[in-house]
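Order of the sequence lines sets the chain letters (A, B, ...), proteins ahead of strands, with each chain counted from 1.
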2 protein chains.
Amino acid sequence: MDMTTKLIVAAERLFDRHGYMATGMDRLTEAAGMSSRTLYKHAGNKAQLMARVLMERNRRFMARFEVQTVDALFAALEDWVRVEGTRGCLFLRSRAETGGDTPEIAEAVAAHKAAFHRRIEQVVEANLGHEDPILAEQVLVLLEGATHAAVYRGADAVSAARAAASILIAKART
Amino acid sequence: MDMTTKLIVAAERLFDRHGYMATGMDRLTEAAGMSSRTLYKHAGNKAQLMARVLMERNRRFMARFEVQTVDALFAALEDWVRVEGTRGCLFLRSRAETGGDTPEIAEAVAAHKAAFHRRIEQVVEANLGHEDPILAEQVLVLLEGATHAAVYRGADAVSAARAAASILIAKART
DNA sequence: TGCAATGTACAACGATCGTTTTACATTGGT
DNA sequence: ACCAATGTAAAACGATCGTTGTACATTGCA
């Protein structure tokens, strides 16, 4: 595993578990197993590192959500939280922690959420045979809600959301 | 307005807008218009201050959600985001920023989310005439999702959630 | 009149922050 | 054989962190 990858993997883990601001560079160098010199050569600075982490996470997340049906979106989320845990959305969290004042982070978040929204619209259209922006927005709200409710309600939140979505889809088909 | 209130109001505003960790005590004393000595006499320390802020916010939040119908829950959320803005859930954010490692904060968050869940269960039961834990979970997911989706989708997310809830309720009544 | 409480201003504490510097070791390719 | 690249270890940078100490002003009640 090359140094940049090792760094991003370690950084994502620490940022996710302890928060962005609460994670110092010392802890990061130790977890990534490299000197601070090397870390800065690869990452530039802390904000750029956070942005890289988010872009990489976006890639991994969107890959898991390359599905054909709305129900499969929720199945993908069930898998995601089983593998990644339930600590909320790292994109919204990073934006909140920085107050939206760090451009590279704000842009990475915006890019991810735009892609997420687009993907949902596509899947909804494929399922219904036509566009339905309102239903797409509802599915987005259910996915976002399941992600955050799962933090304190556990995996039940995701299955409840899944069942709700299936009712909304059935109703939209009539 | 007494000193403690002034402090908590200023702290909530800064924590919400810039994040908990990113808000230094200097900025806090300046915003609250008091010396650091006075701040510490009233707040104890930063973590206790955050916990007090959360307890106060819980009070204000729950007061707004003293309603009789599920639809009114979403109307209350529409009001809430209009007044308070769309920066996500300060409770989950504070837990994420501290990694859940600060007991007073973790407890304040747990207390709020438990009260929130209980309130939803009560309203659902009042609306249906009987308990329905799954529907309550779905309403919770929709409210949580609307709160977080509104960060990047705006108020449309809340009205979409509201419409979705009304469909789920209608279906549960049959 | 006087004491206790409550406030201010401001310097200082040690710790830690993100980042850079210095000096040196290892390696792969021409 | 040698240069360039890539890594390490460790100290140091100035800034800022949360918190406390010192010294003094104001006020309300006994």
Side-chain angles (χ1 to χ4, degrees), chain A residues 1-54 90 93-106 108, chain B residues 1-54 90 93-106 108:
Chain A
M1 190 156 61
D2 88 326
M3 303 255 80
T4 299
T5 307
K6 248 196 335 186
L7 173 56
I8 290 184
V9 168
E12 179 177 356
R13 181 184 167 89
L14 290 179
F15 289 154
D16 188 35
R17 292 190 129 74
H18 308 291
Y20 171 70
M21 286 289 190
T23 301
M25 296 308 252
D26 290 12
R27 241 214 219 151
L28 220 36
T29 58
E30 193 194 339
M34 67 184 59
S35 70
S36 65
R37 203 72 227 275
T38 306
L39 188 151
Y40 277 95
K41 171 165 289 188
H42 286 87
N45 58 46
K46 199 185 185 184
Q48 286 174 38
L49 174 56
M50 175 88 255
R52 295 280 298 271
V53 164
L54 292 178
L90 189 55
R93 285 171 54 199
S94 63
R95 207 182 105 134
E97 280 212 58
T98 56
D101 297 332
T102 312
E104 48 260 79
I105 294 179
Chain B
M1 189 158 58
D2 89 326
M3 302 255 82
T4 300
T5 308
K6 247 198 331 186
L7 173 56
I8 290 184
V9 168
E12 179 176 357
R13 182 185 167 87
L14 289 180
F15 289 154
D16 188 34
R17 293 191 129 74
H18 307 291
Y20 170 70
M21 285 289 190
T23 301
M25 297 307 253
D26 290 12
R27 246 218 210 144
L28 220 36
T29 59
E30 193 194 340
M34 68 184 58
S35 70
S36 64
R37 215 63 234 264
T38 306
L39 187 151
Y40 277 95
K41 171 164 291 190
H42 287 86
N45 58 45
K46 199 185 184 184
Q48 284 174 41
L49 174 57
M50 175 88 255
R52 294 279 298 270
V53 164
L54 292 178
L90 190 54
R93 285 172 52 199
S94 63
R95 207 182 104 134
E97 281 212 58
T98 56
D101 297 332
T102 313
E104 47 259 81
I105 294 179

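- Listed by residue number, the members of residues 26-50 of chain A with any heavy atom below 4.0 angstrom from DNA chain C are S36(A), R37(A), Y40(A), N45(A), K46(A).
- Taking the 5' to 3' direction, DNA chain C first and last meets chain A under 4.0 angstrom from a heavy atom at dG18(C) to dT22(C).
- Shortest non-hydrogen contact noted between T29(A) and S36(A) is CG2-CA, 3.7 Å.
- D2(A) and T5(A) share a donor-acceptor pair across their side chains, judged by distance under 3.5 Å alone.
- You'll find the side chain of D16(B) reaches within 4.5 Å of the side chain of R93(B), heavy atoms only.
- Closest heavy-atom contact between T23(B) and L14(B): OG1-O, 3.4 Å.
- Put simply, the side chain of T38(B) never gets that close to the backbone of M34(B): no donor and acceptor are under 3.5 Å apart.
- One can place CG of L7(B) at 14 Å from P of dG18(D), the figure rounded to the nearest angstrom.
- Checked by atom type and distance alone, the side chain of R95(A) never pairs as donor or acceptor with a backbone atom of T102(A) at under 3.5 Å.
- A cation-pi contact links K46(B) to Y20(B), judged by a cut-off of 6.0 Å to the six-membered ring centre and 45° from its axis.
- The nearest pair of heavy atoms linking M21(A) to A22(B) is CE-CB, 3.8 Å.
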